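First the proteins, then the strands, lettered A, B, ... as listed; each starts at 1. What you see is a predicted model, and the numbers here were worked out from it, not measured in a lab.
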Amino acid sequence: MGAKCSKRAKKTATGPRRRRRRNRLRTCRTDERTMAQRRISGGKLFITAVYLVAMCRAVPVNDLLDRASQRSDKMHSLSTLLTQEMDSHFPPYGRMQMPRPADCHTSILQTPNDKEQALQVSESDLMSLARSLLRGWVDPLAVLSTNAITLPHPAKSSISSKIQELQEHSKSLADGLDILSGKMGPAAQTISFLPYTGGTDLGQDRVTILNKFNFLLSCLRRDSHKIDSFLKVLRCRAAKLQPELC
Amino acid sequence: MMKKVGEVVLLWLLILFIQIAAGEGYSPPGKPTNISCRSPEKETFTCWWQPGSDGGLPTTYALYYRKEGSERVFECPDYKTAGKNSCFFSKNVTSIWVNYNITVVATNSMGNTFSNPVDIDVVYIVKPNPPEEVVVSVTEDKDWPFLQVSWKPPKMADTRSGWITLIYEVRLKLENENKWEELSAGQRKIFKIYSLRSGGTYDVQVRCKPDHGFWSEWSPTTRVKVPEYLPQERSMWILIVVFAAFILIICIWMIYMNFHSVKHYLLPPVPGPKIKGIDKQLLKSGKSEDIFSSLVVSNFPPTTSNYEDFLVQYLEVYVPEERELIMDEGKDLQDDSFKTENSTCDNDSGRGSCDSHTLLIDKGGGDKDDGQQTDQEGSQAEAETKSHEEVMEEEHLACCHENAQIPNISKEKEKVKSWPSLFSPLPQYSLSPVNRPNKPKMGNQHCLSDGLFTPNSLSSYFTQPGPSTTKGFRSNYWECSLDHKQSHLLHPQTAAHEHLQAENDLNAAYVDYMGAPLDVHELSVRPTEYVEVQRVSDEDVVLLHPVTPSQENSYTVSHQTEDYSRVRMVNNNNGLLLLQRDDIEEEKNMCPYEEEMVSRATSTGCRASVTPTLQNSATGINTALPILDEKAASGYVDTATMFGLPTY
């Protein structure tokens with residue numbers, strides 16, 4: 001089309017012919033222009049679409065992970081404060097004299113025991129582990145929350161409020177991890193079921209109740225630390241674009 | 001028997017051995033305490049314990065641990081790496097998220113002692129090493145330098161994989177300070193510090209902490225010096241000093257300019273004594289006798305039976321005819337006189353009280369006709385005297401000055417508050433001595449000698465009217481006046497003493513004629529004992545009217561029109577030159593002016609006499625004789641102070 005336009009433009013025009021030829025030239029040029037414009041716009045559109053897709057994939061994951069790790073950090077801090085508050089009125093010496101209860105209900109889940117093992121786990125598996133642990137604590141937290149109100153402990157009101165806060169954090173973190181796992185592949189979607197069999201009632205006498213409460217809180221503290229660690233490892237792995245964080 | 005002895009010996013030996021052993025302090029070791037474990041990177045950890053007493057015997061320590069979920073007991077693999085009384089757990093034996101139950105046992109030959117077990121989880125005991133490679137650099141930023149601190153995480157901590165997340169903290173202080181300033185840096189490894197002291201030297205340290213763990217130790221101090229970037233403040237101080245000095249100079253200058261007013265404000269002058277009759281010079285000279293003699297009044301308590309003599313102190317002579325003339329003449333001058341008088345006289349300046357002559361006119365003579373005659377006769381003299389008005393005014397002023405305190409005329413509603421007030425409005429007499437150039441300060445015509453005019457003498461004069469004498473008096477008065485004027489003309493600025501001499505001569509001349517009764521009345525000769533000063537005309541003329549004992553009411557003046565004479569002037573001896581007046585109405589017309597005149601006169605009444613008549617008489621009545629006007633010859637009333645107070 002451009003060649004046609006150029007050929008026509010070569011002839012010199014005089015008089016009315018000139019006008020006709022000019023008009024033809026004009027239309028020819030405009031046609032070319034529109035075609036070029038369409039091409040450009042199409043290309044631009046395509047590029048932006050690709051870019052958006054690419055961007056949508058990479059940046060949000062990193063940002064989501066950062067937010068998730070911050071929430072898990074908060075959860076662990078809360079659980080640490082809870083145990084310290086419990087111990088302030090319940091010295092560990094007395095606690096040790098009681099027979100140790102069984103392991104945490106989440107101990108059946110295989111988690112890395114040291115750094116080498118942890119770093120060898122894939123991101124999807126790490127995500128799955130975190131999500132499983134988080135899911136496994138929904139029920140025990142409810143039990144803790146109900147029992148904290150009637151806990152024979154001087155700081156039960158503070159403990160109760162912290163447990164409620166923990167529940168909220170856990171809920172929001174679970175939602176966030178669900179979204180994140182959706183972007184990470186099928187392995188991240190699998191969640192191990194960790195049932196809690198302790199029952200709603202912690203015990204009859206004061207010592208038993210307190211002992212069980214303490215035990216549950218210690219288990220919670222550890223599991224929240226695990227979740228936090230896994231998510232922070234995931235964050236540093238995903239933050240290849242921002243090495244200053246890790 | 002032997003066995004028993006052997007057993008006994010053995011028993012004794014055993015007891016001895018035990019006693020020996022106990023005596024030397026051997027005992028099982030004490031319990032190890034304070035087991036603490038730390039992990040620098042969440043991969044290994046070390047435990048330390050505090051050994052108890054060793055019991056006097058070599059004691060060994062062993063650490064046993066048991067992992068959670070297993071009953072198997074392990075002993076510490078490494079007692080040496082971490083130093084004495086420590087146990088180092090390497091990576092192989094370290095598990096995270098696993099409870100370790102650790103117990104330390106102290107053993108010696110006497111026994112062993114177990115410490116309290118300790119449960120630890122490695123992930124909770126992380127205490128990293130301090131950050132490394134701390135670099136502090138001073139960076140210039142538009143003449144405002146700042147410190148840039150950068151560091152690296154400790155080598156052991158694996159932050160790259162995210163295994164450990166470290167949070168950093170920077171602190172700095174000046175070289176010679178004690179208090180550190182701590183700043184949180186988060187997870188960054190570069191930190192900028194602003195607001196530095198110019199030319200100061202800073203110490204910077206960094207430490208780190210895992211997200212859930214313990215703070216590390218501070219890194220070694222890095223010292224850095226900040227260059228001088230603030231401009232010297234000396235220029236500002238110089239500016240401030242110059243400005244303050246400038247203001248100080250201005251303040252000093254202002255105080256210097258207003259020194260007197262400031263001094264007056266801060267240290268008000270002490271007022272002098274204002275006792276009437278006290279001569280300041282006499283006080284200074286120290287002659288107490290003279291002072292007190294002046295205070296002594298020979299006639300006090302007054303022997304006169306009639307106390308009204310003392311009440312009435314003013315002789316009012318009403319001369320209506322002459323009043324107009326005098327009024328016309330003196331109107332222009334009065335305004336000026338009032339102004340000058342007001343400006344120069346202050347009642348209580350404390351610089352010495354004014355002359356406190358109290359002119360007392362006990363009885364008004366009947367020289368109204370004389371006053372009239374004098375007015376008429378003296379028209380020429382008036383013309384002549386006009387030229388000498390300045391002098392006369394001065395004299396009058398002198399009289400005014402002398403007459404400070406004059407009691408009010410009780411009888412008249414139109415009260416003249418002070419004797420000077422009567423005379424101050426006199427025409428052309430109200431002249432401030434200061435303003436007139438050629439005024440002889442000594443322009444005092446003493447037509448009357450001092451001390452001659454006591455109330456009694458006045459009364460005596462007035463009670464003995466004699467027509468013949470008045471004329472003679474008048475002529476003499478004229479002579480006096482003329483002489484005085486001549487003296488003034490010839491010697492406008494003669495010395496004080498010369499003037500006084502002339503004045504004294506005149507006084508002597510006056511005295512002679514004063515012997516004649518003053519109340520020679522052309523129209524009627526009526527012995528009147530009282531003369532009240534009815535008012536002072538706006539011409540500075542004191543209107544006097546005689547008041548008979550039966551006639552105390554001023555409103556009865558109408559019957560005594562003939563008796564009124566106008567005071568023409570006041571002489572130095574507190575003599576009132578009275579002029580006769582015939583017309584009361586004129587006098588009354590002058591009423592409205594009186595208040596004004598009185599008010600003006602009062603303001604100027606207390607002027608110190610400028611006359612040098614201080615030396616005249618012991619009694620001190622030194623008043624300047626005003627130039628006697630021909631009009632005043634008839635109505636002359638000598639008004640000496642009652643107590644013969646000296647003048648100033």
Side-chain angles (χ1 to χ4, degrees), chain A residues 65-66 69-70 72-81 83-84 92-93 95-97 100 102-104 106-107 109-121 123 126 133 218-219 221-240 242-246, chain B residues 35 39-45 66-71 89-103 115-126 150 152-153 156-168 185-191 209-214:
Chain A
L65 275 170
D66 190 36
S69 61
Q70 285 175 14
S72 65
D73 188 282
K74 183 68 179 163
M75 277 181 65
H76 181 68
S77 303
L78 277 169
S79 62
T80 306
L81 286 170
T83 52
Q84 286 171 358
Y93 186 83
R95 187 153 49 95
M96 287 309 297
Q97 292 196 343
R100 278 184 71 83
D103 292 342
C104 299
T106 56
S107 60
L109 189 67
Q110 289 290 327
T111 54
N113 281 337
D114 59 13
K115 178 189 161 187
E116 286 80 13
Q117 291 178 13
L119 292 178
Q120 286 168 3
V121 178
E123 295 93 353
L126 283 171
L133 285 167
S218 64
C219 286
R221 186 186 177 195
R222 178 186 293 175
D223 288 339
S224 64
H225 191 272
K226 281 184 185 175
I227 294 164
D228 186 46
S229 298
F230 297 154
L231 289 175
K232 279 174 180 169
V233 169
L234 279 172
R235 176 176 73 172
C236 278
R237 282 203 199 164
K240 289 189 179 118
Q242 297 168 347
E244 62 269 12
L245 277 177
C246 299
Chain B
I35 298 170
S39 168
E41 75 286 82
K42 225 193 300 188
E43 297 169 39
T44 64
F45 70 104
R66 191 171 57 83
K67 280 190 178 181
E68 172 191 329
S70 166
E71 292 297 325
F89 293 81
S90 62
K91 285 184 189 179
N92 300 331
V93 293
T94 305
S95 302
I96 55 170
W97 294 314
V98 172
N99 270 349
Y100 280 79
N101 192 307
I102 292 168
T103 312
S115 68
N116 292 331
V118 169
D119 272 331
I120 58 143
D121 196 336
V122 177
V123 294
Y124 301 145
I125 55 164
V126 181
S150 63
K152 294 254 171 61
M156 304 281 289
D158 182 11
T159 55
R160 184 55 61 106
S161 62
W163 185 241
I164 293 182
T165 308
L166 290 174
I167 299 169
Y168 301 98
Q187 291 182 356
R188 297 165 300 186
K189 298 183 189 65
I190 296 172
F191 195 71
K209 166 176 126 46
D211 46 4
H212 309 285
F214 302 99

**Student:** Show your working on side chain to side chain contact (heavy atoms under 4.5 Å, CB included) between B/V123 and A/R222 and close with a plain yes or no.
**Tutor:** CA-CA 9 Å; B/V123 294; A/R222 178 186 293 175; over 6 Å; no
**Student:** On a heavy-atom basis, which atom in A/S229 and which in B/W97 lie closest, and how many Å separate them?
**Tutor:**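 Here A/S229 and B/W97 meet closest at OG-CZ2, 3.7 Å.
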**Student:** For A/S77, is it the side chain, the backbone, both or neither that has a heavy atom under 4.5 Å from a heavy atom of chain B?
**Tutor:** both
**Student:** Within a 6.0 Å radius of atom NZ on A/K74, are there more than 12 heavy atoms belonging to other residues, nucleotides or ligands?
**Tutor:** no
**Student:** Using non-hydrogen atoms and a 4.5 Å limit, figure out which bit of A/R235 sits close to chain B: side chain, backbone, both or neither.
**Tutor:**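 It is the side chain, since no backbone atom gets that close.
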**Student:** Could you pull out the closest heavy-atom pair between A/V233 and B/G162, with the gap in Å?
**Tutor:**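 Answer, listing the atom of A/V233 first, then B/G162: CG2-O, 3.7 Å.
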**Student:** Using a cut-off of under 4.5 Å on heavy-atom pairs, state which of A/D223, A/L119, A/T111, A/L234 scores highest against chain B.
**Tutor:** A/L119
**Student:** Who among B/E41, B/Q187, B/K91 has the most heavy-atom pairs with chain A under 4.5 Å?
**Tutor:** B/Q187
**Student:** Top residue by heavy-atom pair count (under 4.5 Å) with chain A, among B/D158, B/I164, B/T94, B/L166?
**Tutor:** B/D158
**Student:** I'd like to check the side-chain contact (heavy atoms from CB on, under 4.5 Å) partners of A/Q84; sequence neighbours left out, ordered by chain and number.
**Tutor:**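 Checked A/Q84 against side-chain contact (heavy atoms from CB on, under 4.5 Å); matches are A/T80, A/L81.
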**Student:** Quick check on A/Q117 against chain B: is it the side chain, the backbone, both or neither that has a heavy atom closer than 4.5 Å?
**Tutor:** neither
**Student:** According to side-chain hydrogen bond (donor to acceptor under 3.5 Å, both in side chains), who are the partners of A/D114, at least two apart in sequence or on a separate chain?
**Tutor:**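 For A/D114 there are no side-chain hydrogen bond (donor to acceptor under 3.5 Å, both in side chains) partners, ignoring immediate neighbours.
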**Student:** Rounded to the nearest 0.5 Å, how far does CD of A/E116 lie from CH2 of B/W163?
**Tutor:** 8.5 Å
**Student:** One thing to verify: whether B/D211 and A/K232 come together as a salt bridge, which I'm taking to mean a side-chain N less than 4.0 angstrom from a carboxylate O.
**Tutor:** yes
**Student:** Where on B/T165 is there a heavy atom nearer than 4.5 Å to chain A: the side chain, the backbone, both, or neither?
**Tutor:**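 Side chain of B/T165 only, per the 4.5 Å heavy-atom cut-off to chain A.
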**Student:** Checking B/H212 against A/D228: is there a side-chain donor and acceptor pair closer than 3.5 Å?
**Tutor:**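 Per modelled atom types, A/D228 and B/H212 side chains form a pair under 3.5 Å.
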